[in-house]
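Values below: every heavy atom of this structure, side chains too, minus hydrogens, waters and symmetry copies. Along the sequence shown, residues are numbered consecutively beginning with 1.
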Amino acid sequence: MPALFIGHGSPMNTLEDNGFTDAWKRMGQVIGKPRGVLVVSAHWFIGSTAVTAMAKPRTIHDFYGFPQSLFDFQYPAPGLPELAAEVVDVAKPDWVGLDRDQWGLDHGTWSVLAHIFPDADVPVVQLSINALKPMDYHVELGAKLNALRDRGILVLSSGNVVHNLRRIDWHAGDTGEAWAQRFDDAAADLMIHRPGDIASLADHPDFAAAVPAPDHFVPLLYTAGIAAAAPNGAEALVRGYSLGSLSMTCYGVSCETIGRREGYDAATLPADVPPDQTNI
């Protein structure tokens, strides 16, 4: 199975058809039906490494200010406790806890899977991002997860390479500010040519603007770890921006048949809520 990094942007992408969601649909059509999906989402950012192990994960609506139709959306994919146990095993000697009743599927997961697997008939497990660990930990754990691909598991990371809600430009549309493009291009160069060195982006002059908080950036490290362990590295499947300060770039490992696309018309944000309070 391939591995993917999806720049998920606004959760309103769940309900909209645009150049990005069309690309996500294409991914699902090409990939086919995996045994299960393991998702590393920016929105499960906690002080430990854990994996969901419940049979029926709930749909979590972890955002503010959006229309009721988005809060009404449900993604009733089953869990896969046996996959959770496999994650615990491949991660050794690092510890991963089994979450049987606390989390579920947050919008970083279901806003994307609603297009990749719209029937919600593929089991889904989420892996938390341990906020206490350094970048190298996440790259190395990603490399360990590479073994799951041979067992029919799609490993999907969901975040945004550039994610600065305080610098949203409501008039920017599908364009990215110069600093956002510089950082996004530097990330693309590393993902394609030297994915194992992805943590060196912390030294990029635009890192502070592009990554004011690590939660949306760290999922990329997992895909980079897998790409470093794979024969052909990663490739950019979708490139594009939203509102000046969000990169919607997506990457794939072992995704040669999907092809590259330029995204457009990404879903936007509520106009009556400060962007940094929407929790996208």
Side-chain angles (χ1 to χ4, degrees), residues 2-9 19-20 23-24 27 39-43 45 108 112 129 133-143 145-146 155-168 172 174-230 232-255 258-264 266 280:
L4 298 171
F5 171 84
I6 305 295
H8 66 241
F20 295 101
W24 302 346
M27 293 175 192
V39 182
V40 181
S41 166
H43 293 277
F45 190 73
V112 172
I129 297 173
K133 297 294 186 179
M135 287 191 186
D136 287 345
Y137 167 88
H138 302 290
V139 178
E140 292 165 5
L141 182 52
L145 298 178
N146 187 53
V155 183
L156 187 155
S157 301
S158 177
N160 292 98
V161 177
V162 177
H163 185 269
N164 191 329
L165 299 181
R166 290 184 178 274
R167 297 183 68 168
I168 288 290
D174 288 334
T175 63
E177 299 288 350
W179 57 268
Q181 294 190 41
R182 286 193 301 266
F183 187 81
D184 201 45
D185 287 345
D189 184 66
L190 284 171
M191 287 295 290
I192 294 167
H193 300 293
R194 294 184 291 121
D197 295 332
I198 194 69
S200 67
L201 282 172
D203 298 323
H204 192 279
D206 296 304
F207 181 81
V211 188
D215 50 357
H216 279 70
F217 177 73
V218 171
L220 180 70
L221 306 182
Y222 284 80
T223 308
I226 291 173
N232 300 318
E235 59 182 312
L237 300 178
V238 186
R239 295 297 303 268
Y241 301 90
S242 178
L243 300 174
S245 63
L246 295 173
S247 161
M248 297 292 292
T249 300
C250 304
Y251 294 96
V253 179
S254 301
C255 291
I258 292 178
R260 177 175 165 172
R261 296 190 175 194
E262 295 297 324
Y264 56 88
I280 75 156

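A distance-only check finds no donor-acceptor pair linking the side chain of Ser247 to the backbone of Val161 [under 3.5 Å]. In this structure, the side chain of Glu177 does not engage the main chain of Ser245 through any donor-acceptor pair within 3.5 Å. Between the side chain of Ser157 and the backbone N or O of Phe5 there is no donor-acceptor pair closer than 3.5 Å. Asn164 contributes a side-chain N or O that, together with a main-chain N or O of Ala209, makes up a donor-acceptor pair within less than 3.5 Å. Distance alone, capped at 3.5 Å, is enough to place a donor-acceptor pair between the Tyr251 side chain and the Ala188 backbone. Put simply, the side chain of His163 gets close to the backbone of Ile280: a donor and an acceptor are under 3.5 Å apart.
Separation of atoms CG (Leu237) and SG (Cys255) is listed at 5.0 Å; rounding is to 0.5 Å. A distance of 11.0 Å separates OG1 of Thr223 from CG of Asn146, quoted to the nearest 0.5 Å. Atoms CD and OG, on Glu235 and Ser254 in that order, are 9.0 Å from each other to the nearest 0.5 Å. Atom CG of Asn232 is separated from atom CD1 of Ile192 by 12.5 Å, given to the nearest 0.5 angstrom. Thr249 contributes atom OG1, which lies 3.5 Å from atom CG of Asp184 (distance to the nearest 0.5 angstrom). Put simply, CG on Leu221 and CD1 on Ile198 are 7.0 Å apart, with the number rounded to the nearest 0.5 Å.
Between Val218 and Met135, the closest side-chain pair of non-hydrogen atoms is not below 4.5 Å. Looking only at side-chain heavy atoms (C-beta outward), Trp24 and Val112 come within less than 4.5 Å of each other. In this structure, Leu246 and Ile168 have side chains that are in contact, with non-hydrogen atoms separated by less than 4.5 Å. Between Met248 and Val238 there is no side-chain heavy-atom pair separated by less than 4.5 Å. Counting heavy atoms from C-beta outward, Met27 and Leu156 have side chains that stay 4.5 Å or more apart. Within the 4.5 Å cutoff, the side chain of Phe45 has heavy atoms near those of the Pro214 side chain. Counting heavy atoms from C-beta outward, Leu220 and Met191 have side chains that approach closer than 4.5 Å.
Counting all heavy atoms, side chain and backbone alike, Ala180 lies closest to Val162 at O-CG2, 3.7 Å. Shortest non-hydrogen contact noted between Pro219 and Ser41 is CG-C, 4.3 Å. A pairwise comparison of heavy atoms in Ala199 and Asp136 identifies CB-OD1, 3.8 Å as the closest pair. The shortest heavy-atom contact between Gly176 and Gln181 is O-NE2, 2.7 Å. Closest approach of Gly108 to Ser158, counting heavy atoms only: O-OG, 2.5 Å. When all heavy atoms of Gly7 and Cys250 are compared, the closest pair comes out as N-SG, 3.5 Å.
Among residues two or more places apart in sequence or in another chain, the salt bridge (Lys or Arg N to Asp or Glu O under 4.0 Å) test is passed with Asp174 by none. Not counting sequence neighbours, the partners of Asp185 by the salt bridge (Lys or Arg N to Asp or Glu O under 4.0 Å) test are Arg239.
A perpendicular orientation is assigned to the rings of Phe217 and Phe207, their planes being inclined by more than 60° (bins at 30° and 60°). Between His216 and His43, the ring planes are perpendicular. Angles over 60° get that label, and only those under 30° would be called parallel.
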